[in-house]
Amino acid sequence: MEHLIYNGRVVMPQQTVTADILVRDGKIVQVEKNIPREGRQVYDASGCLVFPGFIDAHTHLQMDNGVTVTADDFASGTIAALCGGTTTLLDFATQDPGDTLSHALQTWHSRADGHCSCDYGFHMAIVDWTPAVSQEVQEMVEAGVTSFKLYMAYDNLRVSDREIYEILKRVGEFHGIVGAHCENGDLVNALVAEYLERGDTSPKYHPLSRPDFVEAEAVSRYCYLATAAGVPIHIVHLSTRLGLEEARRARTRGQRVYLETCPQYLTLEDSVYDQGFESAKFVCSPPIRKGRDQSALWQAISQGEIDSISTDHCSFNMNGQKDLGRDNFSRIPNGMPGLEHRPAVIYTHGVTKGRLTVNQMAALLAENAARLFGLYPRKGVIAPGSDADLVIWDPSISWTITAKNQHHHCDNTPYEGMPMQGRAKAVFLRGTLAAEDGEPVQTGLGIYIPRKESEYF
């Protein structure tokens with residue numbers, strides 16, 4: 001059976017056009033006006049935008065931080081993603097110290113395969129660099145894992161500058177892309193120790209222990225290491241004006257730097273930490289920043305300087321998880337949920353406020369990540385030959401985010417009570433109606449998507 005989505009305003013990379021979309025065997029086969037409807041299963045998208053399925057390239061599902069495991073596993077996280085309009089996500093498989101990359105990949109496949117309601121792939125986080133691990137990079141690429149992550153903070157995860165340099169060169173041989181969590185780990189450790197020694201243990205000291213220059217220094221260092229290695233790089237969850245300025249300087253020198261930010265850094269300010277222990281739900285790294293940082297990021301988005309917006313979804317419950325750090329902010333599990341709400345938050349605070357066009361939104365939430373991470377043109381665009389991942393977006397719907405009504409398996413949301421304008425009316429995954437009116441219709445349809453080399457190399 002062929003499917004026809006008709007009368008929608010189709011969001012293309014450079015323009016928005018009224019057109020019909022014909023789908024056959026899960027693929028888009030035609031995008032034109034007035035495609036005949038007879039003999040086809042039809043969906044009327046009148047009054048709606050039709051976006052390519054959104055891609056969230058930064059999630060942490062069923063992640064064990066050594067003390068507790070995230071509230072969302074792949075089953076709950078991908079249902080939440082789908083209901084909000086995200087049809088593909090890239091999660092972080094993470095090597096344990098002393099372990100192999102192949103075992104880490106097997107572990108993440110065992111968690112995800114057969115449990116996902118949207119399509120998925122994996123980045124590989126390298127934490128223990130050895131000659132044997134270097135040889136495994138090719139194996140990862142052959143398995144469809146063409147992007148990697150490094151940490152410059154967290155003692156149990158971070159790698160040295162020399163190792164960063166070596167990893168960048170090795171991954172560069174395969175035209176893969178390496179992203180980094182850019183914070184100066186030594187300085188963070190020193191600042192955390194100073195606050196705790198003074199008895200400053202509440203969540204409000206979390207952002208104070210990770211000030212903007214902690215990010216900026218690491219961004220600068222990472223860019224110089226990439227210059228030495230001669231490869232492009234990706235910086236994840238950029239949160240500060242100072243970090244942005246360092247990336248700009250690197251670009252001016254000729255370094256190719258791709259930047260990701262997250263909705264929390266575009267909509268929340270550090271006053272959220274003035275709520276006593278309730279502020280623990282906002283404890284994430286990097287932390288929520290100041291208004292000047294938020295303004296700088298929006299300006300950079302409008303100027304095309306930021307390439308993608310993902311969530312860094314990493315959900316923990318207040319009860320039984322976040323409260324592990326009630327007497328010590330450094331023990332609060334870092335992370336917040338966001339998978340379900342990213343498209344609505346960006347449409348509301350971006351498109352409706354004139355900060356970006358719907359075409360820019362499609363690029364930031366789908367196309368650019370698809371290109372950077374080897375998914376394009378299978379994903380990220382509405383075009384013949386692409387997967388029929390389609391989001392029918394109704395701009396007229398007004399609603400409010402609440403933890404009670406979300407699909408995340410989490411008792412909190414950083415966007416509690418935030419009014420939204422616009423919502424995914426229907427979500428098609430490879431041509432199948434998978435979610436409608438914010439609720440799942442068919443679950444368990446997600447498949448693993450092996451990826452090609454980065455288009456941006």
Side-chain angles (χ1 to χ4, degrees), residues 23 25-28 51-62 73-75 77-82 84-94 101-102 104-125 139-149 171 174-177 179 234 260 308 310-311 313 339 342-343 362-363 365-391 427-432 434-435 442-457:
V23 176
D25 298 328
K27 298 285 187 179
I28 298 168
F51 285 104
F54 299 124
I55 299 167
D56 193 332
H58 193 148
T59 69
H60 299 278
L61 299 174
Q62 203 169 330
D73 58 14
F74 280 90
T78 56
I79 287 173
L82 198 64
T86 293
T87 54
T88 304
L89 62 80
L90 297 178
D91 201 78
F92 288 95
T94 303
L101 303 186
S102 59
L105 184 59
Q106 290 172 6
T107 298
W108 257 257
H109 270 299
S110 71
R111 295 172 181 177
D113 294 355
H115 302 290
C116 290
S117 293
C118 71
D119 288 351
Y120 60 96
F122 305 115
H123 309 286
M124 177 57 67
E139 180 183 338
M140 294 299 101
V141 171
E142 292 170 350
V145 178
T146 55
S147 52
F148 298 79
K149 183 181 182 181
V171 173
F174 301 96
H175 289 192
I177 196 80
H234 184 226
E260 167 201 274
S308 63
S310 291
T311 59
H313 177 95
L339 247 173
R342 175 186 60 139
L365 270 62
E367 181 184 349
N368 292 352
R371 290 182 180 275
L372 182 63
F373 297 120
L375 289 163
Y376 192 87
R378 179 174 181 178
K379 306 287 188 182
V381 66
I382 298 174
S386 298
D387 282 358
D389 297 346
L390 303 166
V391 179
V427 182
F428 292 84
L429 179 65
R430 286 174 279 107
T432 298
Q442 292 196 53
T443 60
L445 299 176
I447 60 173
Y448 173 68
I449 307 294
R451 294 176 291 115
K452 303 175 297 182
E453 66 184 37
S454 175
E455 186 172 311
Y456 288 167
F457 192 87

- Message: For Y120, run the side chain to side chain contact (heavy atoms under 4.5 Å, CB included) check against T88, D113, I449 and tell me which one passes.
- Response: D113

- Note on the structure: dist T311:OG1 -> E260:CD (nearest 0.5 Å) comes out at 8.0 Å

- What's the verdict on side chain to side chain contact (heavy atoms under 4.5 Å, CB included) for F148 and M140, showing C-alpha distance, side-chain angles and the deciding distance? CA-CA 10 Å; F148 298 79; M140 294 299 101; 3.9 Å; yes

- Is any side-chain heavy atom of H175 less than 4.5 Å from a side-chain heavy atom of E455? no

- Query: Side chains of L101 and E139: does their closest heavy-atom pair fall under 4.5 Å?
  - Reply: no

- What are the two closest heavy atoms between A383 and I28, and how far apart are they? O-CB, 3.4 Å

- Query: Do you know which two heavy atoms are closest between D119 and G446, and how far apart they sit?
  - Reply: OD1-CA, 3.5 Å

- Task: Check whether any side-chain heavy atom of T146 sits under 4.5 Å from a side-chain heavy atom of S454, and report yes or no.
- Result: no

- Note on the structure: Rounded to the nearest 0.5 Å, the CG atom of L372 sits from the CG atom of L90 at a distance of 9.5 Å

- Look up atom CD1 in I79 and atom OG1 in T443, then write down how far apart they are to the nearest 0.5 Å. 5.0 Å

- Query: When rounded to the nearest 0.5 angstrom, what is the spacing between OG in S310 and CG in L339?
  - Reply: 9.5 Å

- Query: Which pair of non-hydrogen atoms, one from L429 and one from T87, has the smallest distance, and what is that distance?
  - Reply: CD1-O, 3.6 Å

- Query: If you round to the nearest 0.5 Å, how far is CG of L82 from CD of Q442?
  - Reply: 10.0 Å

- Message: Any non-hydrogen side-chain atom of H58 less than 4.5 Å from a side-chain atom of K149?
- Response: yes

- Task: Carefully, step by step, assess F373 and H123 under the rule side chain to side chain contact (heavy atoms under 4.5 Å, CB included).
- Result: CA-CA 9 Å; F373 297 120; H123 309 286; 3.7 Å; yes

- Would you sort out whether R430 and D389 count as a salt bridge (charged side-chain N to carboxylate O under 4.0 Å, His left out), showing the intermediate values? CA-CA 5 Å; R430 286 174 279 107; D389 297 346; 5.1 Å; no

- Message: Taking the ring centre of each residue, are H234 and Y456 less than 6.0 Å apart?
- Response: no

- Where P343 and T86 come nearest, the two heavy atoms and their spacing: CG-OG1, 4.3 Å

- Query: Counting distance only, does the side-chain N/O of S117 pair as donor-acceptor with the main-chain N or O of G444 below 3.5 Å?
  - Reply: yes

- Item | Where I382 and P52 come nearest, the two heavy atoms and their spacing | CD1-N, 3.6 Å

- Query: Side chain of R451, backbone of Y376: donor and acceptor closer than 3.5 Å?
  - Reply: no

- Query: Of all residues at least two apart in sequence or in a different chain, which pass the side-chain contact (heavy atoms from CB on, under 4.5 Å) check with K452?
  - Reply: P377

- Note on the structure: dist E367:CD -> I55:CD1 (nearest 0.5 Å) comes out at 9.5 Å

- Message: Does any part of the side chain of F74, heavy atoms only, come nearer than 4.5 Å to the side chain of W108, both counted from C-beta?
- Response: yes

- Task: Go through the structure and list residues passing ring pair (Phe, Tyr, Trp, His ring centres under 6.0 Å) with F428, not counting sequence neighbours.
- Result: Y43

- Item | Pairwise side-chain contact, D73 with L61, heavy-atom cut-off 4.5 Å (strictly under) | no

- Do N368 and S308 meet the criterion of a side-chain donor-acceptor pair at a distance under 3.5 Å? no

- Item | Beyond-backbone contact of D91 with R111, side-chain heavy atoms, under 4.5 angstrom | no

- Query: If every non-hydrogen atom of G85 is compared with every non-hydrogen atom of V391, which pair is closest and at what distance?
  - Reply: O-CG2, 3.2 Å

- Is there side-chain contact between S147 and M124, with heavy atoms separated by less than 4.5 Å? no

